[in-house]
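Working notes, beginning with the structure itself.
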There are 2 protein chains.
Amino acid sequence: MKSKNAAKNSLSRDALVERALAIVDAEGFEALTVRKVADAFGVTPMALYWHFANKEALLAAVGDAVVSQIRLPDDELPLEDYLREAMTSLIDAMRAHPSASTLVAQQLMYGENGLDLTEGFLDKLALAGFDVERSAAVAHYTMQISLTLVSREPGAEIGVKPEEREVVLAAKRALIEALPEDRYPRLRAAADAMIECGNSDEYYADGIAIFVAGVMADAKTISQA
Amino acid sequence: MKSKNAAKNSLSRDALVERALAIVDAEGFEALTVRKVADAFGVTPMALYWHFANKEALLAAVGDAVVSQIRLPDDELPLEDYLREAMTSLIDAMRAHPSASTLVAQQLMYGENGLDLTEGFLDKLALAGFDVERSAAVAHYTMQISLTLVSREPGAEIGVKPEEREVVLAAKRALIEALPEDRYPRLRAAADAMIECGNSDEYYADGIAIFVAGVMADAKTISQA
DNA sequence: ACCTGAACACCGTTCAAGT
DNA sequence: ACCTGAACACCGTTCAAGT
């Protein structure tokens, strides 16, 4: 007799999502096609439509899978530390799947797991003294900016296959180096830093520091008013 | 004799880019196809390939066209005001074409107009006392975060046609209102603010204020070190 | 319940050919 | 120099049918 869970050749939502995410990671978001996922399971493209209403639903599930990796910090932490750790957690989850950033952004506040995440974050902000509007705004800024830092990390070149990446970066470097020194001195001097992140950890630490400092400074202004 | 510039029925890069941008604005980024642009000019899809190497080149030109609308503030302004005005300028340009955000992000630092923009920004930061790495980082953060504020504005729902937009927002609202009150009290309370920006201008002003305050606070820390 | 097969209306892009 | 026409290899998705 066949087991529902151990069926070897049968598809499952989870298996399909896992495979789809692997394709996005390896070949970029645009490389993900229904047919390619089906092929990976030796199955007809139409087989996926039993498990997902359409491609969009599959993409949503992929985004949600990444969101499920995000953990919020300890509630007891002071707000400043909490914000820093929350951003770090978001960023770490995204760095594992940089090409999925668009999908994650869409699921971050409304997906299965995103709802829990957002609720927890809003709760912390409310307890820290923010009113409803401010909590919503800060939660939104924090999550979206964290994603941006990853998806736009210099040199990440998301949506580009690993092999093409080096070529694209070389082209950018060549572009800047071909610029006239008298008209573009700053760009030429900053070429290294702009094209590829020499130190990714520093890049993220700085981005987080700036944003957290901004929220705290702004919060102080408001509480004084 | 025919004029190169006034030819009525002939295609031109500028005209094609303008039309492509109009399609993106009206129907969303995903609705932009080579065939649709060609149809708008009563011409074969292949006609575009004389003016652009491929679709990617057309998209790049569209992004660059939006970037060309961005003006940097007066150099003489104090850094804090300069940053605020630069972000405002970026945001205003993007708000006119929210569905083009992906294209703009790609051209913002490397496109025809993006190079001038970046050079000017880097120059200001250098004169304000930032070293090369810091200038590059702050320029990067500022520009990318400005774009994010627009492309992820609550309720913007980019990549969705105007007609579908209302439906999508209604669905999100229904989703949140269907959530159990005991488990998602914060989300339910914040539903209005999270789903659609009640006051867009305030949303942008707050986002800018937070980021600028962060950069200034961080700059102070560094200069003290 | 779960998957196949054939078909449809789309894509971007090639190549050779026209004018 | 600038555009057409036909063709190719892809897409996501439908519908009816199989087991």
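Protein chains get the first letters and strands the later ones, always in sequence-line order, with residue 1 at the start of each. For the numbers below, each heavy atom of this structure counts, side chains included, while hydrogens, waters and symmetry mates do not. Not measured: the values here are computed from a predicted model.
Within the structure, the ring pair (Phe, Tyr, Trp, His ring centres under 6.0 Å) test picks out no pair touching residues 146-173 of chain B (sequence neighbours left out). Sorted by first then second residue, the salt bridge (Lys or Arg N to Asp or Glu O under 4.0 Å) pairs that include residues 82-108 of chain B, not counting sequence neighbours, are Glu80(B)-Arg84(B), Asp81(B)-Arg84(B), Arg95(B)-Asp201(B).
Atom-to-atom, CZ of Arg13(A) to C1' of dC2(C) comes out at 15 Å; the value is rounded to the nearest Å. In this structure, CZ of Phe52(A) is placed 12 Å from P of dC3(C), rounded to the nearest angstrom. If you take NE2 of His51(B) and P of dC2(D), they are 7 Å apart, rounded to a whole angstrom.
Under the rule for a salt bridge (Lys or Arg N to Asp or Glu O under 4.0 Å), the partners of Arg134(B) that lie at least two apart in sequence or sit in another chain are Asp206(A), Asp218(B). In terms of the salt bridge (Lys or Arg N to Asp or Glu O under 4.0 Å) criterion, residue partners of Glu181(A) (sequence neighbours excluded) are, by chain and number, Arg188(A).
Salt bridge annotation for Glu157(A)-Arg152(A): absent, with no cationic side-chain nitrogen under 4.0 angstrom from a carboxylate oxygen. Salt bridge present: Glu27(B) and Lys36(B) bring a charged side-chain N and a carboxylate O closer than 4.0 Å.
At distances below 3.5 Å, not a single donor-acceptor pair connects side-chain atoms of Lys172(A) with backbone N or O atoms of Tyr110(B).
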Pairs counted only when both distances fall under 3.5 Å, Watson-Crick or G-U: show me the 5' to 3' dot-bracket for DNA chain D, [ ] for pseudoknotted crossings and | for other-strand partners.
||.|||||...|||||.||
Which atoms of nucleotides 8-15 of chain C (N or O only) lie under 3.5 Å from a protein N or O atom, and what are those distances?
from: dG12(C); atom 1: OP1; to: Val34(B); atom 2: N; distance (Å): 3.1
from: dG12(C); atom 1: OP1; to: Lys55(B); atom 2: NZ; distance (Å): 3.0
from: dG12(C); atom 1: OP2; to: Val34(B); atom 2: N; distance (Å): 3.2
from: dG12(C); atom 1: N7; to: Arg35(B); atom 2: NH1; distance (Å): 2.4
from: dT13(C); atom 1: OP2; to: Tyr49(B); atom 2: OH; distance (Å): 2.6
from: dT13(C); atom 1: OP2; to: Lys55(B); atom 2: N; distance (Å): 2.8
from: dT13(C); atom 1: O5'; to: Tyr49(B); atom 2: OH; distance (Å): 3.4

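For Ala47(B), the listed nucleotide lying nearest its side chain is dT4(D); candidates were dT4(D), dC2(D), dC2(C).
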Would you sort out whether Tyr141(A) and Phe211(A) count as a side chain to side chain contact (heavy atoms under 4.5 Å, CB included), showing the intermediate values?
CA-CA 9 Å; Tyr141(A) 294 139; Phe211(A) 180 76; 3.7 Å; yes
